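The structure appears right after this line, and notes come after that.
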Protein chains: 2
Amino acid sequence: MTNLSRIESELKEKGYKLTNARIEVLKVLIKNEGKHLTSQEIYEMVHQNTPGIGMATVYRTLSLLEEMRLLYSSVFTDGKVRYELAKDDNHHKHHHLVCLNCNKIIEVEEDLLEEIEKKIWEKKKFKIVDHSLKFYGYCKECYQKEKKD
Amino acid sequence: MTNLSRIESELKEKGYKLTNARIEVLKVLIKNEGKHLTSQEIYEMVHQNTPGIGMATVYRTLSLLEEMRLLYSSVFTDGKVRYELAKDDNHHKHHHLVCLNCNKIIEVEEDLLEEIEKKIWEKKKFKIVDHSLKFYGYCKECYQKEKKD
DNA sequence: TTAATTGCAAATGGTTTGCAATATT
DNA sequence: AATATTGCAAACCATTTGCAATTAA
């Protein structure tokens with residue numbers, strides 16, 4: 001729970017109140033790290049533990065955390081917005097592999113975009129500050145299954 | 001208008017009717033190639049020319065074209081879905097530069113992901129069939145202006 | 001105590017759908 | 001003439017908002 005208290009003190013530092021609803025949302029996010037949950041899924045889990053908390057509060061908490069850059073959201077091809085806790089410092093140095101068969105989302109740590117970004121700067125003078133890269137395809141398991149069918 | 005008739009015959013080939021609404025939507029898409037219009041913007045332009053055509057029809061036409069892979073849609077950070085006509089054969093070999101200041105969308109033709117994709121296949125056995133890459137930052141004009149301010 | 005936060009329900013905005021009327025083949 | 005397509009309005013779904021009640025500081 002060291003992660004939880006770290007975020008809690010960041011909230012306090014910025015003058016936000018440490019409410020029960022916020023703690024419950026954070027607990028769900030931490031317990032499900034790496035799962036890329038939707039707001040609906042987060043709400044359901046929070047609601048299971050603490051039925052009093054409403055969807056609006058969940059949304060407000062997610063927005064707050066995103067504004068604080070403790071949380072990131074991303075739209076995937078199924079049209080759903082999914083959330084993931086920031087990985088400490090350089091969060092955005094990872095990409096997503098999305099399996100078109102089982103919808104699994106795998107993270108890749110490589111950041112091989114530096115070279116591309118340099119080229120773009122040289123050629124277009126476009127100053128890049130962030131990027132979003134998703135690969136769509138078939139995960140190991142689904143790809144093997146597919147070949148058998 | 002060679003582009004329009006090419007798409008028209010593809011529609012016919014697949015047994016779809018060549019209706020006025022479809023032609024009007026296509027004309028707007030072709031006239032605005034490279035602009036990454038939203039459904040709303042497309043509707044407004046279509047509606048200006050032919051007031052009878054409704055939003056639902058525009059949506060149905062966009063979905064049809066997308067299904068036929070003549071059109072691609074993408075969600076940008078402003079949360080809006082934007083459409084672009086497929087560039088002939090290997091449409092997906094380009095990326096987007098999105099200016100965070102003026103919201104301009106610039107296309108880059110480079111496809112330097114092959115190396116990354118090869119690495120991912122080797123390491124993870126994830127079979128990539130498509131990708132989506134967006135760079136966020138500041139275009140030449142906005143970046144220069146920013147420095148002066 | 002007091003200002004921020006919450007829960008609820010209503011509002012919003014974008015997209016989809018049912019259906020009877022219409023247009024294309 | 002037969003069938004796909006359309007326009008309209010209503011339905012839908014995710015997200016946001018207003019407001020009075022509640023809670024953390």
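Letters A, B, ... are given to chains in the order of the sequence lines, protein chains preceding strands, and every chain is numbered from 1. Bear in mind the structure is a predicted one, so any value in this text is a computation, not a measurement. Values below: all heavy atoms of this structure, side chains included; hydrogens, waters and symmetry mates excluded.
When each of B/Leu64 and A/Val81 is assigned the nucleotide of DNA chain D bearing its nearest heavy atom, the one mapping closer to the 5' terminus is B/Leu64. If you find the closest nucleotide of DNA chain C to A/Pro51 and to B/Ser63, the one lying nearer the 5' end belongs to A/Pro51.
B/Arg82 has its CZ atom 12 Å from the P atom of C/dG14, to the nearest Å. Nucleotide D/dT3 holds its C1' atom 20 Å from the NZ atom of B/Lys14, rounded to whole Å. Atom-to-atom, CE of A/Met55 to P of C/dA10 comes out at 18 Å; the value is rounded to the nearest Å. Atom pair A/His47:NE2 and C/dC8:P shows a separation of 7 Å (rounding to whole Å applied). Atom-to-atom, CD of B/Gln40 to C1' of C/dT12 comes out at 14 Å; the value is rounded to the nearest Å. Taking atom OH on A/Tyr83 and atom C1' on D/dA14, their separation rounds to 10 Å, with Å as the unit. Rounded to whole Å, atom P of D/dA14 lies 21 Å from atom NZ of B/Lys80. Computed from coordinates, the A/Leu62 CG to D/dT17 C1' distance equals 17 Å when rounded to whole Å.
The cationic group of A/Lys134 lies under 6.0 Å from the six-membered ring centre of A/Phe76 and within 45° of the ring axis, placing it in a cation-pi geometry. At least one test fails for A/Lys124 against the ring of A/Trp121: distance under 6.0 Å to the centre or angle within 45° of the axis.
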When you check every protein heavy atom under 4.0 Å of nucleotides 18-25 of chain D, what one-letter string (B, S, -) results, 5' to 3'? B-----BS

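Contact annotation for A/Gly15: no contact, since no heavy-atom pair falls under 4.0 Å across all strands.
The residues B/Lys27 and B/Glu24 are annotated as salt-bridged, a charged nitrogen and a carboxylate oxygen being separated by less than 4.0 angstrom.
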Please set out all donor-acceptor pairs under 3.5 angstrom arising from side-chain atoms of residues 60-71 of chain B, sequence neighbours excluded.
residue	atom	partner	partner atom	Å
B/Thr61	OG1	B/Thr57	O	2.9
B/Ser63	OG	B/Tyr59	O	2.9
B/Glu66	OE2	B/Ser73	N	3.4
B/Glu66	OE2	B/Ser73	OG	2.5

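Of the inter-residue distances, the one linking A/Cys99 atom SG with B/Phe126 atom CZ reads 5.5 Å to the nearest 0.5 angstrom.
B/Lys35 meets the side-chain hydrogen bond (donor to acceptor under 3.5 Å, both in side chains) test with B/Asn32; sequence neighbours excluded.
Using bins of under 30°, 30° to 60° and over 60° for the plane-to-plane angle, the ring pair B/His131/B/His95 lands in the tilted bin.
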